[in-house]
Structures are given as structure tokens and as C-alpha cells.
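Heads up: numbering here begins at 1 and tracks the sequence.
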Amino acid sequence: MRRANYLLLSMGSAALICAGAAVAGPPSGFTFNDWTVSNGDIALKATTCPTGYTCGSPILGKGFLQRQLKENASGIIYFQTIVTNQDATFDAGTATTRPFSDENFVRTGVTGISSRQSIQDTTIDPITSVATDFATSLVLDTGWASTLAGKEAQMEITQSLTQATTGFTNDFILQQEGSGDTVLGRWMSIDQGVDLTPESTTTTDLQEFVLVQVKGNKQTTTRDAASTANDPVDLLPTGATSSDGAAPSNDLSWTAGQEIKVVWIGQDMASAGQKYGFQAYTNVADANRTISYFEIGGGTGPFEAPGTPAPYAWLTDPFGTKPTF
């Protein structure tokens, strides 16, 4: 587990370092991953020079391809560059394991880039023989590319870390839009799970942690805790606590664009026949006002909404899919 935690910290650093080297919106008519590679020799598929373009002959090397693309009507020139491992062999469009690939489009005479980088790797601990699977995808559109994508700027980072032997998983997603140094919208999710009894063949004790935080134009919902007609289901069961002691302690208000977050922590202790749960909602924009609830349950356990006790709500908009063990 110490190794997993070390890799997790490295992942966070890698995200910050690589955030400026990724892709999402190539020139009209082109798509990413429209190529194959065999023993390091990259080959473009037959459909990669669409109508209206003149595509130059590619410059090739082991794990490298670059070519010029000219839009005939406007005369705009792009350069497409693909880099992968020198001995790689896979179909970029369908491969489930891709050790490394980086593809980008740049346009001459203006600033901006459209780029995607993918890394998939498995390491084996020489002492414990535990396998750790690591996967990351980094996407960025800036300048001219953000215009094609319909956004001022777009960045997306997805990362996952898995140890099947120990039952450890970690998933991280960051989607962000902005203008210059101003963040216009952000959606971030961290999901971490672990099997507390990985060596047991009779019981499975599970623990899960989820945090989702959203703001700006990624947060389009409005909630009025004082209006049961608008929000008939409270976010948490009666008896929840509030950080400022204000009523209602089991519900929270916010407006579109405000930064809000939810934390979900659960334990399914099959060996003890119990489930433990904690859930908290926070309006970051409203002095970090937080409502929270902790529960120890039996067969049904927490987070079974509606149920007993109920309600125990999870809002798919704007927080995404409800967590499960």
C-alpha cells in the first residue's frame, strides 16, 4: 500500500507537469488515434486526408511521424506529429494497452495546440510481486484549437491506478475550461477504493472514498433548501449537522455557477454484518457552509435513498454517477 500511495502522489505531480501537453480538437476532418504502429513503424489509415486538404508525405522514424496538412480553400497549414515507443505495436484506434502515445496538431502563424497524450503501464514490485496498473490521458486545446472545439480553452486529465492483488483502485478526473488565467468552469472527481481483506476467501470488507467538486459553467444547477416545492428531497437524513448551526441542517442551497462539493465515504464490513457511511455537502462559495451525516447501518446500510433512514440523496447533476462499493 505504501507503494500505491507513492505512485498516487507521483500521479498528481505528473498531472500538473503534463497538463500543458495534451489534446482534444484537431482540425476539421481529422481525428486522433487514426493510425497503427508495428514494431515502431507508424502507418496512417487510408481515411486520414479528408476532402478539402492536401496532405504531405510523412517524415518517418521509429516511433515518430510528422506531416504537413494544407486546407485548400484557406491555405492554412497545420503540422501533425505522432510519437510513440520505438518498438510499439498496436492499433491506436482500438488498443486497450498503449504504453505511450503523444499526438498533436499545430497551426502555422498563430498560437495554440491541440494535443493528446496517453500512458499505460504495469509495474511489478520485486519484493511483494504486486502488480500496479497505471493509466493516464491528458488533453488540451488552446488558441486556434479552442475555437474549433467551441471553447475558449479546454483541459481534461484522467488517471487511474489499480492493484488487483490488494484491491486498491484510484481514479482522478479533471475537466477545466478557462480564458487566459481565469477559470470559467471546473469538474473534478477523486474516487479511491480498497479491499480491507484482500487475502480472505470468505469475506470482503470494502472501503470507498469519493470527492466531487464543481464550479463555474460546469455547475448549472440551483437549489433552494427553504423551498420543498423546488427541492422535495432533502440531501441528508433528519439529524444531520451543519457547520454553522443554521437550519436546515439536512439541506443546502446554492445557485448556478457557485462552487460546491460532495464527499462520500463508506465501509461495507461483510465480516461484521455492518455498513458505515459518511456524506457531506459543501457550498464553497458560501463561506464553506457544510452539512454532514454519519450512520452505522445493518443489512441495508447508508446511502440507500430512499430507504431507512431516508432521504440520503446523491445528485447525479452536477456530481455524476452515484458511488457504489
Side-chain angles (χ1 to χ4, degrees), residues 1-24 32-33 37 83-85 88-104 115-126 128-141 154-177 186-198 204-214 218 261-268 314 316 318-325:
M1 186 58 65
R2 286 193 300 269
R3 176 178 175 81
N5 291 338
Y6 171 78
L7 286 174
L8 179 57
L9 292 173
S10 300
M11 282 169 49
S13 300
L16 294 175
I17 293 170
C18 298
V23 15
F32 290 109
N33 297 329
V37 58
V83 179
T84 187
N85 291 9
T89 297
F90 58 80
D91 184 331
T94 59
T96 55
T97 57
R98 201 174 304 164
F100 171 79
S101 66
D102 184 284
E103 185 175 2
N104 66 72
S115 165
R116 161 169 288 180
Q117 185 181 93
S118 297
I119 300 173
Q120 298 192 33
D121 186 41
T122 298
T123 60
I124 308 295
D125 190 299
T128 64
S129 297
V130 172
T132 300
D133 297 316
F134 171 75
T136 181
S137 174
L138 309 171
V139 174
L140 184 69
D141 286 322
Q154 179 187 21
M155 176 177 67
E156 180 173 340
I157 302 171
T158 61
Q159 295 179 331
S160 67
L161 184 69
T162 305
Q163 285 185 342
T165 303
T166 63
F168 174 84
T169 62
N170 186 89
D171 295 293
F172 172 79
I173 300 174
L174 173 65
Q175 299 174 340
Q176 183 165 299
E177 299 174 22
R186 178 186 296 142
W187 192 93
M188 181 184 71
S189 170
I190 300 173
D191 188 336
Q192 190 174 87
V194 64
D195 182 354
L196 302 175
T197 55
T204 303
D205 293 344
L206 304 174
Q207 179 175 287
E208 191 83 11
F209 167 85
V210 177
L211 181 150
V212 181
Q213 192 159 344
V214 58
K218 294 287 189 180
K261 68 178 179 180
V262 61
V263 173
W264 187 100
I265 303 174
Q267 286 188 340
D268 186 354
W314 178 272
T316 56
F319 298 115
T321 304
K322 178 183 176 181
T324 59
F325 290 109

Test item: [X] side-chain N/O and [Y] main-chain N/O as donor-acceptor pair under 3.5 Å:
{"X": "Trp314", "Y": "Gly320", "answer": "yes"}
{"X": "Trp264", "Y": "Lys322", "answer": "no"}
{"X": "Thr316", "Y": "Thr321", "answer": "no"}

(Q) As a quick check of understanding, evaluate side chain to side chain contact (heavy atoms under 4.5 Å, CB included) for Phe209 and Val194, giving each step before the final call. (A) CA-CA 9 Å; Phe209 167 85; Val194 64; over 6 Å; no
Output the distance between atom [atom1] ([X]) and atom [atom2] ([Y]), rounded to the nearest 0.5 Å.
{"X": "Asp268", "Y": "Thr204", "atom1": "CG", "atom2": "OG1", "value": "9.0 Å"}
{"X": "Phe134", "Y": "Ser160", "atom1": "CZ", "atom2": "OG", "value": "8.0 Å"}
{"X": "Ser189", "Y": "Leu211", "atom1": "OG", "atom2": "CG", "value": "8.0 Å"}
{"X": "Asn170", "Y": "Gln163", "atom1": "CG", "atom2": "CD", "value": "11.0 Å"}
{"X": "Ile173", "Y": "Glu156", "atom1": "CD1", "atom2": "CD", "value": "7.5 Å"}
{"X": "Asp102", "Y": "Gln117", "atom1": "CG", "atom2": "CD", "value": "5.0 Å"}

Q. Looking at Asp195 and Asp205, what are the two nearest heavy atoms and their distance?
A.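 Heavy-atom minimum between the residues: OD1-O, 3.2 Å.
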Q | Contact summary for Val37 and Ala88, nearest pair of heavy atoms | A |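 So the two residues come closest at CG2-O, 3.4 Å.
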Q.
side chain to side chain contact (heavy atoms under 4.5 Å, CB included) for Phe90 and Thr84? Distances and angles first, verdict last.
A. CA-CA 10 Å; Phe90 58 80; Thr84 187; 3.7 Å; yes
Q: Would you check, one step at a time, whether the test side chain to side chain contact (heavy atoms under 4.5 Å, CB included) holds for Thr158 with Thr136?
A: CA-CA 6 Å; Thr158 61; Thr136 181; 5.8 Å; no
Q: Report the residues that fulfil side-chain hydrogen bond (donor to acceptor under 3.5 Å, both in side chains) with Asp171, sequence neighbours left out, ordered by chain and then residue number.
A: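 Not a single residue meets the side-chain hydrogen bond (donor to acceptor under 3.5 Å, both in side chains) criterion with Asp171.
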Q: From the options Asp121, Thr166, Thr123, select the one residue that forms a side-chain contact (heavy atoms from CB on, under 4.5 Å) with Thr132.
A: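 When Asp121, Thr166, Thr123 are each tested with Thr132, the side-chain contact (heavy atoms from CB on, under 4.5 Å) holds only for Thr123.
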Q) Glu177 pairs by side-chain hydrogen bond (donor to acceptor under 3.5 Å, both in side chains) with which of Arg186, Gln154, Lys218? A)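 Between Glu177 and the candidates, side-chain hydrogen bond (donor to acceptor under 3.5 Å, both in side chains) is satisfied uniquely by Lys218.
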Q.
Test of understanding: with side-chain contact (heavy atoms from CB on, under 4.5 Å), list the residues that count as partners of Ala131, not counting sequence neighbours.
A.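 Once residues adjacent in sequence are excluded, the partners of Ala131 under the side-chain contact (heavy atoms from CB on, under 4.5 Å) criterion are Thr122, Ile124.
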Are any non-hydrogen side-chain atoms of [X] and [Y] less than 4.5 angstrom apart?
{"X": "Phe172", "Y": "Leu161", "value": "no"}
{"X": "Leu138", "Y": "Leu140", "value": "no"}
{"X": "Leu206", "Y": "Glu208", "value": "no"}

Q: Please assess Glu103 against Asn33 for the test side chain to side chain contact (heavy atoms under 4.5 Å, CB included), listing each intermediate value before the final yes or no.
A: CA-CA 8 Å; Glu103 185 175 2; Asn33 297 329; 4.2 Å; yes
